[in-house]
Amino acid sequence: MTLMSSYEPTQIEPKWQRRWAAEKLYRTPDARRGHGNKMILVEFPYPSGDLHTGHWYAFALPDMYARYNRMRGYNVMYPIGFDAFGLPAENAAIQRNLHPEEWTRGNIAKMTEQLHSMGAMFDWSREVRTIDPDYYRWTQWMFNRMYQKGLAYRASTSVNWCPKDRTVLANEQVVDGCCERCGTQVTQKKLEQWMMRITEYADRLVDGSEGLDWPRTTRLAQQNWIGRSRGARIIWKLTIPGQTEGKIVETFTTRPDTIFGVTFLVISPEKAKEWMDAGWKASDGVKEYVTRSLRKRELERLEGTKEKTGVDAGVDAVNPLSGESIPVWIADYVLGSYGTGAIMAVPAHDERDREFATQFGLPISDAALRDADMIVAELKKLNAGRPETTYKLRDWVISRQRYWGVPIPMVHCKVCGYVPVPDEDLPVKLPPLEDFKPTDDGRSPLARATEWLSTACPQCGDPAQRETDTMDTFVDSSWYFMRYADPKNSKKFASPAKLKRWMPVPMYVGGAEHNTMHLLYSRFFTKVLHDLGHVTFDEPFLARRNHGIIMGPDGQKMSKSRGNVVDPDVEVKKYGADTVRMYLAFMGPYAQGGPWDPKGITGVRRFLVRVWDLFQKPAAKRADAVVERELHAATKSIGADLETLSLNTTVSTLMKLLNVVEDRTSTMTTAQRARFACLLAPLAPHLAEELWREILKKKSSVHTQSWPKFDAALLTSATARIPVQVDGRVRAVLEFASDATEADVVAAAKADANVARFLEGREPSNVVYLPGKLLNLVIS
RNA sequence: GCCGGGGUGGCGGAAUUGGCAGACGCGCACGACUCAAAAUCGUGUGCCCUUACAGGCAUGAGGGUUCGAUUCCCUCCCCCGGCACCA
């Protein structure tokens with residue numbers, strides 16, 4: 001009696017992980033003759049401390065796609081790195097009384113180990129870490145390029161301030177008025193900040209997204225976020241009691257054709273404040289309203305109060321086309337930050353204007369609409385308007401008043417003003433700092449690094465001070481994928497030749513939460529680098545696929561407080577990495593995610609055990625025809641499904657194939673086994689390798705094999721089972737030779753007892769026959 | 001409110017894009033093995049009616065187009081995501 005060994009993933013998986021590393025199996029050369037390059041990109045993780053199920057979902061499943069592409073003959077790069085600067089590390093370090101660098105490097109070490117347990121084909125030789133000076137040197141270099149072109153600039157604006165994190169946030173990082181990271185309510189502060197002129201690229205960011213193979217949702221989310229509206233700017237002359245002539249106010253509208261229905265203008269409290277600062281003598285009531293609404297704005301917005309408030313400014317405006325004099329009002333339903341901060345109110349056509357007019361007893365005029373183009377032409381003639389396009393998109397505030405980030409490579413000189421640190425002096429290294437905690441006064445902790453702080457002005461040589469703000473981490477991640485092409489380059493961020501080999505990225509898989517942040521910023525960076533002649537492409541990611549989120553068994557988002565966290569390390573110990581990978585794939589559509597079902601994973605585990613057992617048996621001498629056909633069908637189907645990331649059905653196809661094998665012969669020929677192992681390889685790389693090298697005694701890895709070919713001719717069978725319908729309802733399923741004629745099929749169908757019963761002796765009035773597929777006899 | 005995506009057995013989900021709805025898995029039931037349990041294997045499993053065959057109903061609700069609709073069109077309901085007083 002031979003003792004059959006049992007499937008022990010915890011033994012074989014680490015073994016192969018070590019072997020693969022020793023063999024440098026996943027090291028990607030810059031080129032391989034006869035193999036096209038393909039970078040399959042996943043979002044590099046933030047080193048938060050522990051690899052969670054979400055990471056497995058994000059990395060182990062695209063790994064299947066990457067492995068399949070490799071077997072299809074591509075020189076596939078599957079790179080990985082760490083997006084390691086940022087607030088959470090800093091906050092965690094403060095809590096634990098550690099230095100952020102110590103905390104972050106420790107986490108990276110731990111997560112690297114955990115990532116290895118996944119058995120993914122990461123090319124670790126190309127690892128990129130945003131906190132390495134060799135990397136952020138180029139982040140700073142890019143900042144300098146943008147500064148040179150006026151795309152990075154310093155300006156005083158009202159910014160989002162998180163009082164808890166004590167730093168500025170980009171608009172994209174404010175969700176429902178709260179800090180995206182900590183949930184604290186964001187306040188507005190007027191501060192000088194470093195910004196990036198992403199609005200300059202608004203049109204190209206909208207238009208360029210059209211041609212991308214991206215989820216519609218992502219493209220629409222970006223377009224929505226950019227919020228382009230085409231319309232006109234209209235200039236209104238004002239008459240202010242007791243003041244000299246010559247004042248104007250400008251409004252923006254998408255509906256210039258409604259200009260004859262304008263019964264009043266409304267300006268935002270911000271605009272009113274501007275007027276007052278410029279010397280406008282407003283009434284006490286106006287002053288009171290403006291102060292109150294400027295203070296109250298965010299709170300009310302959060303409460304969802306849509307009750308409109310406003311006050312008569314006591315100023316009149318003249319309609320440039322009708323000459324009519326209309327009142328100007330101040331109301332906070334008009335935003336200071338959008339358009340011109342003032343609107344022409346058309347209560348007959350706009351619901352908000354109507355509500356306001358009704359509330360304050362203002363007239364509503366249903367004047368006829370005119371042709372918009374003609375109106376604009378007339379306004380242009382009168383110098384009272386012009387076509388204009390506005391955007392919701394705001395420039396990107398990249399300044400952060402925190403320690404753990406890339407220093408902005410600027411020097412402030414009393415004589416020369418802001419001067420960029422010369423390229424040859426980069427990187428400006430982040431100084432070690434004992435006390436790196438944030439301050440309350442809006443100044444970066446780097447201001448405490450006195451020695452680091454003082455330097456010489458690069459321009460005049462006088463004593464000067466370094467910029468103390470650090471960059472938003474989204475700057476770091478806006479170009480990391482390019483570095484994978486040439487991660488060790490010390491002369492350039494990547495050589496043009498290598499960029500050409502790998503860019504743009506043909507497939508980028510990640511989470512939908514980056515729709516309006518990372519993906520938009522990366523596109524912006526790419527376009528800038530393109531315009532400056534540093535890269536030849538102007539879109540970074542040709543194809544994008546979003547993955548869903550894995551929830552806890554209770555269907556809720558996994559969180560420690562809910563106690564529903566599934567720890568992948570624990571699952572791997574219990575079932576093995578291959579089972580965890582395949583279960584995640586099997587769960588459902590990749591874009592959808594879903595709850596982790598602790599019972600469901602056993603089905604995948606059972607399948608892998610049965611595969612193992614099958615290979616323990618002696619191989620068949622002769623191939624079974626049914627098994628052979630199923631193998632070809634599975635090859636076709638799994639290939640097609642891997643191509644589209646329909647990973648759930650690749651697993652079920654393999655299961656079905658195994659069911660057929662077990663039903664027929666419970667074994668396969670050696671050649672069939674080899675093909676089976678290849679089909680399994682992308683999904684369960686360790687088991688496939690074990691079977692391939694240990695049972696089938698192959699020398700080279702299963703992961704370097706070609707994807708098996710299938711014979712399409714084998715998939716069409718000699719006979720066809722044809723459902724026979726009477727009036728569209730199946731009454732029999734009959735078997736025919738696949739070359740049977742329609743007449744044969746109809747005759748046989750009529751002869752069938754059950755079909756005859758429903759025909760009730762009548763002749764069909766219509767016969768629908770799809771050769772080899774279906775017959776429908778219509779009698780009604 | 002606007003823009004997307006979705007609603008299929010007890011559960012996760014399939015369905016070649018208009019052609020046998022429910023693949024594959026979980027769960028459940030019964031059986032085998034076992035002193036017993038677990039594991040494993042076998043059989044069954046949408047609902048109703050049936051020993052069975054046959055039949056009827058069924059893809060959120062209602063209507064339409066079609067020989068034929070989970071798939072296309074219209075109306076409505078519900079869930080998820082994005083934007084939101086954006087002029």
Side-chain angles (χ1 to χ4, degrees), chain A residues 175-176 215-229 231 251-255 258 266 268 300-301 304-308 331-335 337-346 349-353 355-356 390-393 512-513 515-516 546 548-549 582-583 586-589 591-592 594-607 609-610 613 636-637 640 646 648-659 662 721-733 753-754 757-758 764-770 773-780:
Chain A
V175 176
D176 293 332
R216 240 161 78 85
T217 45
T218 305
R219 292 204 322 264
L220 288 170
Q222 291 204 352
Q223 289 176 13
N224 208 342
W225 182 261
I226 295 167
R228 176 166 68 187
S229 1
T251 61
F252 171 75
T253 180
T254 54
R255 297 291 305 275
T258 61
V266 188
S268 61
E300 276 173 8
R301 212 179 273 166
T305 320
K306 294 281 155 86
E307 183 83 355
K308 287 196 172 40
D332 66 2
Y333 81 92
V334 173
L335 306 175
S337 56
Y338 181 75
T340 60
I343 61 154
M344 57 180 224
V346 190
H349 287 280
D350 186 284
E351 216 177 295
R352 296 154 302 178
D353 296 345
E355 199 188 310
F356 191 77
T390 62
Y391 306 87
K392 291 189 211 171
L393 184 71
E513 70 275 16
N515 281 351
T516 51
N546 289 343
I549 298 169
M582 262 182 107
Y583 169 61
F586 188 48
M587 245 170 62
Q592 183 183 301
W596 176 282
D597 179 359
K599 289 243 176 76
I601 191 170
T602 60
V604 172
R605 166 67 189 214
R606 283 175 195 154
F607 165 76
V609 169
R610 278 160 58 206
D613 290 348
K636 179 184 181 183
S637 154
S646 308
N648 51 339
T649 48
T650 65
V651 178
S652 57
T653 304
L654 273 177
M655 287 173 166
K656 207 164 128 189
L657 171 60
L658 179 67
N659 288 347
E662 286 180 338
R721 290 167 53 81
I722 297 180
V724 177
Q725 302 179 330
V726 177
D727 279 343
R729 329 204 60 170
V730 179
R731 298 304 176 187
V733 179
N754 204 42
R757 214 181 106 206
F758 283 90
S765 56
N766 188 13
V767 174
V768 180
Y769 179 61
L770 279 81
K773 278 204 162 168
L774 172 131
L775 175 70
N776 189 9
L777 304 173
V778 185
I779 52 171
S780 58

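Just so we're on the same page: letters track the sequence lines, and every chain starts at 1.
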Measuring to OP1 and OP2 of [N], would you say a side-chain N or O of [X] lies under 4.0 angstrom away?
{"X": "A/Arg605", "N": "B/A39", "result": "no"}
{"X": "A/Arg216", "N": "B/G5", "result": "yes"}
{"X": "A/Ser229", "N": "B/A87", "result": "yes"}

To the side chain of [X], which of [options] is closest?
{"X": "A/Phe758", "options": "B/G13, B/G55, B/G82", "answer": "B/G55"}
{"X": "A/Leu335", "options": "B/A14, B/C20, B/A87", "answer": "B/A87"}
{"X": "A/Phe586", "options": "B/A87, B/A23, B/G25", "answer": "B/G25"}

Presence of donor-acceptor pair under 3.5 Å, side chain of A/Lys392 and base of B/C83: no

Pair of N/O donor and acceptor under 3.5 Å linking B/C67 base with A/Asn776 side chain: yes

Spacing of the C1' atoms in B/G82 and B/C28 (rounded, Å): 41 Å

Crowding at CD1, A/Ile549 (>12 non-hydrogen neighbours, <6.0 Å): no

For the student: nearest non-hydrogen atoms of A/Gly341 and A/Val334, plus distance: O-CG1, 3.6 Å

Where A/Tyr338 and A/Tyr391 come nearest, the two heavy atoms and their spacing: CE1-O, 3.7 Å

Conformer about C1'-N of B/G9 - syn within 90° of 0, anti elsewhere: syn

Residue pair A/Met582 / A/Phe607, side-chain heavy-atom distance below 4.5 Å: yes

Which whole-number value in Å describes the distance from [X] [atom1] to [N] [atom2]?
{"X": "A/Leu774", "N": "B/G68", "atom1": "CG", "atom2": "C1'", "value": "8 Å"}
{"X": "A/Tyr583", "N": "B/C24", "atom1": "OH", "atom2": "C1'", "value": "14 Å"}
{"X": "A/Tyr338", "N": "B/A87", "atom1": "OH", "atom2": "P", "value": "4 Å"}

B/U75: pairing nucleotide in any strand, Watson-Crick or G-U under 3.5 angstrom: B/A61

Any donor-acceptor N/O pair, A/Asp350 side chain to A/Ala345 backbone, under 3.5 Å: no

B/S/- contact track for nucleotides 42-51 of chain B, protein heavy atom under 4.0 Å: ----------

